[in-house]
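Letters A, B, ... are given to chains in the order of the sequence lines, protein chains preceding strands, and every chain is numbered from 1.
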4 protein chains.
Amino acid sequence: MGLSARDGGKAFGRGEASRLASYTSPMKMDDSARRQELLASAARLFRDVGYPRATVRDIAKAVGMQSGSIFYYFKTKEDILLEVMETAMRAFVLAGQRALEQAKTPREKLRLLFAGHLEALHGTRDETAVVLSEWRNLAPKSRRRMVKLRDQVDSMWDEALHEAVAAGMVQGDVRLLRLAMLGSLNWSLQWYSPKGGLSIQDLADRFVDFYVDVGPAKR
Amino acid sequence: MGLSARDGGKAFGRGEASRLASYTSPMKMDDSARRQELLASAARLFRDVGYPRATVRDIAKAVGMQSGSIFYYFKTKEDILLEVMETAMRAFVLAGQRALEQAKTPREKLRLLFAGHLEALHGTRDETAVVLSEWRNLAPKSRRRMVKLRDQVDSMWDEALHEAVAAGMVQGDVRLLRLAMLGSLNWSLQWYSPKGGLSIQDLADRFVDFYVDVGPAKR
Amino acid sequence: MGLSARDGGKAFGRGEASRLASYTSPMKMDDSARRQELLASAARLFRDVGYPRATVRDIAKAVGMQSGSIFYYFKTKEDILLEVMETAMRAFVLAGQRALEQAKTPREKLRLLFAGHLEALHGTRDETAVVLSEWRNLAPKSRRRMVKLRDQVDSMWDEALHEAVAAGMVQGDVRLLRLAMLGSLNWSLQWYSPKGGLSIQDLADRFVDFYVDVGPAKR
Amino acid sequence: MGLSARDGGKAFGRGEASRLASYTSPMKMDDSARRQELLASAARLFRDVGYPRATVRDIAKAVGMQSGSIFYYFKTKEDILLEVMETAMRAFVLAGQRALEQAKTPREKLRLLFAGHLEALHGTRDETAVVLSEWRNLAPKSRRRMVKLRDQVDSMWDEALHEAVAAGMVQGDVRLLRLAMLGSLNWSLQWYSPKGGLSIQDLADRFVDFYVDVGPAKR
DNA sequence: TATGAATGAGGTTTCATTCAT
DNA sequence: GATGAATGAAACCTCATTCAT
């Protein structure tokens, strides 16, 4: 019959253009105030009702936008989630790095790791809560990106725990120790409220004490 | 057990189901094989992809039904979730009761509580995993029902922990101890696999050791 | 309809069920009256305004349905297009087969091929018009299915044209002849109307005469 | 040329553009380089994916513009289509005029008409392909403008065909002859590629031969 | 001249739920 | 007990278009 098709589906352009990040100040939009607002709005909603039930409309409405406008800033709802979670994970990485830098003794390292993690979790940003609960809603590709960041956090903990074991402060498998500790900390998301009269620092101390034998000096 | 909820639950409930077997025509459909199949199917799906993304169609399909037929057994998708979670919570209650009954010493009590909780979590049933992650998707009314069951679990833990503290095995606030411990245990859902070469019993032992000073007897 | 099948999608389940086309009468729905109505409605709209501008809502409304209901019958808008086009292509195949069977002489074959093609094109069904104009909107995979059907049509024409050339009725490259002829016929879609006083049969005769030297007998 | 329209054109026009260069500030923007670039970009896109699927954004991107900027040059997406199609139609008119001027004999006229039409269709410009496929997407008012141009083309063909009939080279109704011929030629869009080893000139010759009886001496 | 930001209408698709049979 | 058909609300996303700058 003679119908062919010289169109080759989706991809159009031959010349295409891929034009010049140099025109506009590079990434001008990537940290525009509006974009940040949207991310914050999304983080809060994701935290409060979960990613699947947080609608694009709601996210937009919270910053006074129409739902369609969101897609000027993000390609996909899932992209927003990924970005929120990356932000959160980087906050954890940062908290870890700071803890390791500032601490002098193995015990101090643990204490600061505990406190830093809790602060990230219960601070002003909502992202960190999201990172714990929405993992499942990431596409495999996004998940892989997150895993790398998570591994960074883990290895900082392992480093500190190795020292603690060497110092005789704790005993047992480092990995299991980390898993137990982070479980305790992360679970605080389910119950901790600063209004309860227990400060983050106090909580960190109490939790550390559960794991670390109180040394002779303190006994 | 320590699940709270800072979640601002939207609008939910419609009619609110008549829940208990005893209300409706007794023993007619409430534990029919089909119904149990559906609950199991739902539990698995809820665990694997989460409640919001588990569709009624999928739940039905897994037992060879049409989606419409589900509503012969359940008034609402949320009713299914509630029932799954109640089942799970009762499993935790049961595990706790058994532990307290069988154990002789305070240390044994803790060990059995740890092991029982982990077994419930990683056993053959999928419900227990659901109870930890889908709290948010319960309507307020359902949530209240769950809270009561959770409180039962909590009080068993507290009982055991009081004894442990009295025995000098652990020190610190009982509530915080429980929260830390359950956090460690629940978090295992994120990483534990029986294929890893570590048995549930072993894991329980290791975790207990993290919290309980190895006593003189064992030293 | 049973489940089984070509669903490809995400796929959760482990056990899955893959249940028995034998329960329900196989393909019961595949030619339900409603489904056929939808296909007819789609064909008409595709023909009238083109696939991209024919909305699912419009297709549904034309048979008194809501847009969502369409997806009970078809997985995708594109699936509808594919099915419409396959129907059309099969009509062309059928027309060709009939022509070749009924005709005695080479000249008769051409005449019947012309007439059959034109009848398919301008008959009561709208599908055949669609097949000529919406090729571009098929996904590559669907396109491949169509190509096979198209090739069947082409080879019937080539068969007839070979004979015609052998008989000295026409001369030239068979493929180019086919392409020229089908071009003439297909283009009639742009201008032919039965109300114009020219019957399909007449038109076929005139067109054949353009291509075939009037034989000695007729001279 | 023979494009009609049984298409029931829905609602379209809004304000209806002021089209011709002479209306607006003369020679200011109407043939600016940018404008021409945009038209070329649009033509290519319209040809490759069709008018409805060619987005304003894509058209703009191909020339390194933002989508909003297009509306400085054109009032409406449909205006772009109209202009592209007018350009194309004028190319066909021009091809026809040239053919009639240069040819000496009736046969030569046909040959040049065929070749000119094919050249326009498969030359470097993408517009001519668009004119054949996007008729349906023109608003009624625009369509009327196009019809006039098309009629010019048609009458040139009719003129040549009258002579050909008078010369005994072809026989039959002039209008039907034109429709058959243009069908053959236009359909080449579906299958012809210059890479196939057949030049445009050759193709024109072959096609003419299909319609014109080769006289004994080639007389 | 052109951009960057946003709109708002509308597109396809999903899904819990209903109900006659 | 269960199905098949359908609903209707709402989800994500697209896109021509506007407009202040």
Of B/Phe71 and C/Thr55, the one whose closest nucleotide on DNA chain E sits nearer the 5' end is C/Thr55
DNA chain E: 5'-proximal contact among C/Tyr51 and D/Gln66 (nearest heavy atom): D/Gln66
Tell me, please, which residues at least two apart from A/Ser133 pass side chain to side chain contact (heavy atoms under 4.5 Å, CB included). B/Arg136
Judged by each residue's nearest nucleotide on DNA chain F, which is more toward the 5′ side, D/Val56 or C/Ile70?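 Nearest nucleotide further toward 5': that of C/Ile70.
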Which part of the nucleic acid, if any, lies within contact of [X], taking any heavy atom under 4.0 Å across all strands shown: a base, the sugar-phosphate backbone alone, or nothing?
{"X": "C/Ala54", "value": "sugar-phosphate"}
{"X": "A/Arg34", "value": "sugar-phosphate"}
{"X": "B/Ser67", "value": "base"}

Listed by chain and number, what are the side-chain hydrogen bond (donor to acceptor under 3.5 Å, both in side chains) partners of [X], not counting sequence neighbours?
{"X": "C/Thr55", "value": "C/Asp58"}
{"X": "C/Gln66", "value": "none"}
{"X": "A/Gln36", "value": "none"}
{"X": "B/Ser69", "value": "none"}

Symbol by symbol from the 5' end, with Watson-Crick or G-U pairs under 3.5 Å, [ ] crossing and | another strand, DNA chain E is .||||||||||||||||||||
Which residues pass the salt bridge (Lys or Arg N to Asp or Glu O under 4.0 Å) test with A/Arg145, not counting sequence neighbours?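 For A/Arg145 the salt bridge (Lys or Arg N to Asp or Glu O under 4.0 Å) partners, ignoring immediate neighbours, are A/Glu86.
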Quiz item: cation-pi between B/Lys77 and B/Tyr51, 6.0 Å / 45°: yes
Sub-3.5 Å pairs of nitrogen or oxygen atoms, protein against nucleotides 19-21 of chain F:
none

List the atom pairs, with distances to 0.1 Å, where a side-chain N or O of residues 37-44 of chain C and a protein N or O form a donor-acceptor pair under 3.5 Å, not counting sequence neighbours.
residue : atom : partner : partner atom : Å
C/Glu37 : OE2  : C/Arg34 : NE           : 3.0
C/Ser41 : OG   : C/Ile59 : O            : 2.9

